[in-house]
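Counting from 1, the numbers follow the sequence of the chain as shown. Just so it is clear, the model here is predicted, and its values are computed rather than measured.
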Amino acid sequence: MRRLVEDDEFYADISCKVIEQRLARQLTQRALAELCGTTQSAIGRFEHGVRSLRLDTLVRLANHLSGPHAVFVPTAQSTRLGHTDHHTS
């Protein structure tokens, strides 16, 4: 169950970044979808957390919105991915 929460946080972080970048470029969901070869409804569902996108679509989003793909890679701190528990009792 914990893995699902981390996955949700991962995609939520990417979704927020997609929305920020899309709005900064004054693109509608439909315009972004056309640039990326997908549908407006797919972009909308992703932005609202209803559905994740395929990796190739995420790469196209990154290419059209920001160039470097790193902008869409959540930090370990924001998603707790990559953190290991080194606490000793």
Peer 1: In the structure I gave you, are the side-chain heavy atoms of Leu53 and Ile14 within less than 4.5 Å of one another anywhere?
Peer 2: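 Side chain of Leu53 against side chain of Ile14, heavy atoms only: no contact under 4.5 Å found.
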
Peer 1: Please enumerate all residues that pass side chain to side chain donor-acceptor pair (under 3.5 Å) together with Gln40, with sequence neighbours excluded.
Peer 2: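 Expected list: Gln29.
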
Peer 1: Which pairs, with at least one residue in residues 38-49 and sequence neighbours excluded, count as a salt bridge (charged side-chain N to carboxylate O under 4.0 Å, His left out)?
Peer 2: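 Qualifying pairs: Arg22-Glu47.
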
Peer 1: Mind checking what makes side chain to side chain donor-acceptor pair (under 3.5 Å) contact with Thr57, not counting sequence neighbours?
Peer 2: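 Testing Thr57 for side chain to side chain donor-acceptor pair (under 3.5 Å), a comparison that skips the adjacent residues, returns Arg60.
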
Peer 1: Would a hydrophobic clustering, with Ile, Leu, Val, Met, Phe, Trp and Tyr connected at side-chain separations under 4.5 Å, put Leu35 with Ile43?
Peer 2: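 Yes, one cluster joins them.
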
Peer 1: Can you tell me how far apart OG1 (Thr38) and CZ (Arg30) are? Round to the nearest 0.5 Å.
Peer 2: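 Interatomic distance, Thr38 OG1 to Arg30 CZ, rounded to 0.5 Å: 12.0 Å.
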
Peer 1: What I'd like to find out is whether the side chain of Leu27 reaches to under 4.5 Å of the side chain of Leu65, using heavy atoms alone.
Peer 2: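 A side-chain contact under 4.5 Å exists here.
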
Peer 1: Could you grab the distance from atom CG of Leu23 to atom OG1 of Thr28, nearest 0.5 Å is fine?
Peer 2: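 Nearest 0.5 Å value for the CG-OG1 distance: 10.0 Å.
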
Peer 1: Please identify each residue that fulfils side-chain contact (heavy atoms from CB on, under 4.5 Å) with Ala12, with sequence neighbours left out.
Peer 2: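 Testing Ala12 for side-chain contact (heavy atoms from CB on, under 4.5 Å), a comparison that skips the adjacent residues, returns none.
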
Peer 1: Look up atom CD in Gln21 and atom CG in Leu32, then write down how far apart they are to the nearest 0.5 Å.
Peer 2: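 Those atoms lie 10.5 Å apart.
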
